[in-house]
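Here's the structure we're looking at; comments come further down.
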Number of protein chains: 2
Amino acid sequence: MAERYTIGTLARQVGVNVETIRYYQRRGLVQEPAKPFGGIRHYAQAHARRLRFIKEAQRLGFSLDEVGELLSLEDGLHCREVEEIAGQKLVTVRERMAQLSKIEKLLAVLVGQCHGNRGKVRCPLIASLESATA
Amino acid sequence: MAERYTIGTLARQVGVNVETIRYYQRRGLVQEPAKPFGGIRHYAQAHARRLRFIKEAQRLGFSLDEVGELLSLEDGLHCREVEEIAGQKLVTVRERMAQLSKIEKLLAVLVGQCHGNRGKVRCPLIASLESATA
DNA sequence: ATTGACTCCGTACTTAAGTACGGGAATAGA
DNA sequence: TCTATTCCCGTACTTAAGTACGGAGTCAAT
């Protein structure tokens, strides 16, 4: 039933280094499957999902500590804590989305301005992001 | 006319370390004002804006190299390059927004489920993000 | 004019997040 | 069965992004 991947195939599947997986295990982000008598550990799809999630979240600007908090939600917690953590993360996620959306609009305008144009353009990227921040 | 900040006041204003500013100068992300004869450099609001932008972009998951590319758009470039760089960045920005929006929805649901509840909840954070990715 | 705070600049140290290394065990394919 | 490939695990190295340090110069207030 449970798919049985070795750490190597798991790593290849997800596109990370074996050492990275082991590093995440040491940090407690990924649980290390029990080792069968003097043998080799086996992993399942759940591990692959978790690894992909970690990589996504990192790309979104979360540190591994923060990723750990997000994962703790997945792992099941009491409601008080969930409300606490999820609530906080929700705020930062929304902030980031707002910032990204500003940048997105600006980049789109820039590309639009440029289309077919052959001169130089100057872009008010910073000023506008700033007014967003203020 | 031009406001005259020392590196120290600039740093305090933006909330970064003086050494960080100097580091960004070495990396070419922030230009170093000309030094008056045997004296002390002076900075203007434009520098503060640029520093804040760098910090924002970092929080959104851009490396300093990527931030450099974004800043190059601000600094004025030929349209060919702008279209190239801005177009690429636009793609990644949109991807990130999509991912964040998935996480946002999930967190919101979680918090909602919890509200008033006193038991445990388990959250399908990873599974759903995964289906978003696939 | 002197003192205290700050700047300048180069070099060295730190932290987070990996990556690599190496020797011994396990296991899969010829 | 032998041999090549993985795995296991600890330790050490690397890279990106800062941070700290120290000695000499500068500026502003007493």
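Reminder, nothing fancy here: chain letters follow the sequence lines and each chain counts from 1.
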Does a nitrogen or oxygen in the side chain of [X] sit under 4.0 Å from OP1 or OP2 of [N]?
X: A:Arg22; N: D:dC8; value: no
X: A:Lys35; N: D:dC9; value: yes
X: B:Gln58; N: D:dG18; value: yes
X: B:Arg27; N: D:dA17; value: yes
X: B:Tyr23; N: D:dA16; value: no
X: B:Lys55; N: D:dG18; value: yes
X: A:Thr20; N: C:dT19; value: yes

Take atom [atom1] of [X] and atom [atom2] of [N], then tell me their distance rounded to the nearest Å.
X: B:Leu29; N: D:dA16; atom1: CG; atom2: P; answer: 14 Å
X: B:Glu19; N: C:dC13; atom1: CD; atom2: P; answer: 15 Å
X: A:Arg4; N: C:dA26; atom1: CZ; atom2: C1'; answer: 14 Å
X: A:Asn17; N: D:dC13; atom1: CG; atom2: C1'; answer: 14 Å
X: A:His42; N: D:dC7; atom1: NE2; atom2: C1'; answer: 10 Å
X: B:Tyr5; N: C:dC6; atom1: OH; atom2: C1'; answer: 18 Å

If you assign B:Ile54 and A:Arg26 each to the DNA chain D nucleotide with the nearest heavy atom, which residue ends up on the more 5' nucleotide?
A:Arg26
Please name the residue in the list A:Arg41, A:Gln45, A:Arg12 that meets the side-chain hydrogen bond (donor to acceptor under 3.5 Å, both in side chains) test with A:Tyr5.
A:Gln45
From C-beta outward on [X], which listed nucleotide comes closest to its side chain: [options]?
X: B:Ile40; options: D:dC27, C:dA20, D:dG18; result: D:dC27
X: B:Ser63; options: D:dA17, D:dC8, D:dG18; result: D:dA17
X: B:Leu64; options: D:dC7, D:dC9, D:dG18; result: D:dG18
X: A:Ile7; options: C:dC21, D:dC8, D:dA20; result: D:dC8
X: B:Arg41; options: D:dT6, C:dC8, C:dA20; result: C:dC8

Does NZ or CZ of B:Arg50 lie under 6.0 Å from the centre of the six-membered ring of B:Tyr43, at an angle within 45° of the ring axis?
no
Would you say the side chain of A:Tyr24 lies within less than 4.5 Å of the side chain of A:Glu32, judging by non-hydrogen atoms?
no
So do A:Glu104 and A:Met97 actually touch side chain to side chain, heavy atoms under 4.5 Å?
no
Classify the nucleic acid contact of A:Gln25 as base, sugar-phosphate or nothing, counting any heavy atom under 4.0 Å across all strands shown.
nothing
Closest nucleotide of DNA chain C for A:Gly39 versus for A:Phe62: which of these residues is on the 5' side?
A:Phe62
5'-most contact on DNA chain C: B:Arg12 or B:Glu32, nearest heavy atom basis?
B:Arg12
Of all heavy-atom pairs linking B:Val18 and B:Gly8, the shortest is CG2-CA, 4.0 Å
For residues A:Val109 and A:Leu100: do they belong to one hydrophobic cluster (side chain heavy atoms under 4.5 Å, members Ile, Leu, Val, Met, Phe, Trp, Tyr)?
no
